[in-house]
Amino acid sequence: MKQIRVRYAPSPTGIPHVGNIRTALFNWLFARHTGGTFIVRIEDTDVARTVPEALEAILESLRWLGIDWDEGPEAGGNAGPYFQSQRLELYNRMSAELVAKGDAYYCHCTPERLEEMRKEQTARKAPPGYDRRCRELGLGPAPNAVIRFKIPLSLKTTFRDLIRGEVTFDNAVLDDFVLLKSDGYPTYHLANVIDDNYMKISHVMRGEEWLSSTPRHLMLYRAFGWSPPEFAHLPIILGTDRSKLSKRHGAVALLDYRAQGYLAEAMTNFLALLGWSLDDKTELFSKEELCRHFTIERVSQTAAIFNKEKLDWMNGVYIRALTTDAFAARALPFLEKGLPPEIVRPLDQSYVKKVLALVQERAKTLAEAASPELSWFFFTDRVDYPAELLIDKKLDKTQTANLLATTTARLDVLPAFDATTLEGMLRPLAEEMGLKAGQLFGALRTAVSGLTATPPLFQMMETLGKHRSITRIREAAAKLEALG
RNA sequence: GCCCCCAUCGUCUAGAGGCCUAGGACAGCGGCCUUUCAAGCCGUCAACAGGGAUUCGAAUUCCCUUGGGGGCACCA
């Protein structure tokens, strides 16, 4: 059995989006499932488009999801270097070798000429592509020359994709693509094939957008005399309008989801299900379970739309599954950041814990834990709401004022202020005042929180504490008074 | 324009000729629970793109059409 070695080979030209990382995840799952090796290789061959912060964003995205790599940046390994910019000598040597063997040639055509040629081709609706002018000229190196691959004319290239089955391309539709650019850097095709070979990659698992360049790669393997790896082209991820995922679809960068308070576990689970499934019912998988069950055979062939509603649901499931302590620890940074600026930091830890225990089962994201609807009123004493909100549909202003006054008096003399004691007092009180429980509780809820939808009243009051609760109810009464 | 890939509920998907009057999940809708909200539970709506062919029998095989997506750079 061949040693399984797979790789994630991102280009540091941007912040990785969910589709990129889903590809990394599938490669990683495959490696972990088979006991193989997962490699990260940085394809930094486009000097002009390289963005400095991309590398760190790539690695951080992987780290966030717990996708660890056996070889690559920071990890090292025997097949390095793992930055293509550090392997230029190899690409230069190998491409020169192809020229010597007659499988590639120097091309002196200027970018201007190529541009013109393409324009002309598009104009007469011909497939764009290099016209092979330099192919048989036997030119040598020159300052602005590139090396092009001499596509074997005639014949077809057929290969078996692990996900799509047999795929055939007519060689005639391929043009003599560039292997080595005039700046001395390799193109993706060249560097990718050389590195996959020397890094002994057994399976190339990548996005479907690479399917049509696979014939080129296969021809390169043949020209070099190497045996190609297996190929598996993953279905791509689309936005809600069925077009390729991009910025206008909202958050696409993986780390945006971290910033929005999604849990890595939920994100991993969700991403795994975008193009892979175990059976007809299982939806929730821990990372270990994913590793145990993942196989390429169960990867789908169909492009998938990123369904944020389902992610939200799943994130909620994972949030509720957390212990209250774990949730508090994870939500705290969001609270520190998301609460209004006038609230004094650092926040009181034990108070935060109590609040978050009430928020946990209601939040779909960690960021929501710091939302005005869920938690602001626990921290600010400026609860702002229209006084009318205090008055139940079937009550009037006077009745509401009475109810607040009576409750305040009873609360004042209550020996304890825990949820059980509060309920034991308030429920009979409602009856005593001839009110339905909900009418009393509703008014108190608004008085204490300024909202009509909150965590359970008694727990909320217990958390707020006696002083704060009573003060707010008094303020509510005053508010009512001011209503005139 | 040319090449390639794909095609089951709105979305993610199960389905590898009879187990399918097509299953699950999210969302939606209705109900239960309940002091509100959330969660939970129960129920409901909802799909095999169309047409041929093969077969006793097709969501499942083949062909065509249509639709969607991807690719066609000195970008990856």
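The chains referred to below are lettered A, B, ... by the order of the sequence lines, with proteins before strands, and numbering in each begins at 1.
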- Item | Phosphate contact (A16(B) OP1 or OP2) by Arg298(A) side-chain N/O below 4.0 Å | no

- Query: Does Ser277(A) place a side-chain N or O at less than 4.0 Å from the phosphate oxygens OP1/OP2 of A14(B)?
  - Reply: yes

- Evaluate the side-chain proximity of Leu429(A) to Leu403(A): yes if any heavy-atom separation is below 4.5 Å, no if none is. no

- Hey, does the side chain of Thr45(A) come within less than 4.0 Å of A76(B)'s phosphate (OP1/OP2), counting only N and O? yes

- Using a strict cut-off of less than 4.0 Å between a Lys/Arg side-chain nitrogen and an Asp/Glu carboxylate oxygen, indicate whether Arg330(A) and Glu265(A) qualify as a salt bridge. yes

- Note on the structure: Any strand, both distances under 3.5 Å, Watson-Crick or G-U wobble: G1(B) pairs with C72(B)

- Query: So does Arg164(A) reach the base of C5(B) with its side chain, donor to acceptor, closer than 3.5 Å?
  - Reply: no

- Looking for any heavy atom pair under 4.0 Å, which part of the strands does Pro10(A) touch: base, sugar-phosphate only, or nothing? nothing

- Please work out which of the three classes, parallel, tilted or perpendicular, describes the rings of Phe285(A) and Trp276(A), given edges at 30° and 60°. perpendicular

- Message: Regarding Arg427(A) and Glu431(A), does a basic nitrogen lie under 4.0 Å from an acidic carboxylate oxygen?
- Response: no

- Hey, could you give me each pair passing ring-ring contact (aromatic ring centres under 6.0 Å, His included) that has a residue in residues 428-458 of chain A? Not counting sequence neighbours. Phe441(A)-Phe458(A)

- So, is Arg362(A) close to the A39(B) phosphate, meaning a side-chain N or O under 4.0 Å from OP1 or OP2? no

- Searching all strands shown, indicate the nucleotide that pairs with C26(B) (Watson-Crick or G-U wobble; both distances under 3.5 Å). G10(B)

- For RNA chain B, which residues in residues 262-276 of chain A have a heavy atom at a distance below 4.0 Å? Leu273(A), Leu274(A), Gly275(A)

- Message: For A76(B) and Lys181(A) - does any side-chain N or O of the residue sit under 4.0 Å from the phosphate oxygens OP1/OP2?
- Response: yes

- Examine U35(B): is either OP1 or OP2 under 4.0 Å from a nitrogen or oxygen in the side chain of Arg427(A)? Give yes or no. yes

- Item | Side-chain-base donor-acceptor pair under 3.5 Å for Ser212(A) and C4(B) | no

- Look through every strand shown and name the nucleotide pairing with G17(B) as Watson-Crick or G-U wobble, where both distances are under 3.5 Å. none

- Query: Any side-chain N or O of Arg113(A) under 4.0 Å from OP1/OP2 of C74(B)?
  - Reply: no

- Message: What I'd like to find out is whether the side chain of Leu254(A) reaches to under 4.5 Å of the side chain of Pro16(A), using heavy atoms alone.
- Response: no

- Item | Phosphate OP1/OP2 of G40(B) contacted by Arg320(A) side-chain N/O (<4.0 Å) | yes

- Task: Quick one: look up who A39(B) pairs with, Watson-Crick or G-U, both distances under 3.5 Å, and put none if it's unpaired.
- Result: none

- Query: What integer distance in Å separates Ile305(A):CD1 from C12(B):C1'?
  - Reply: 9 Å

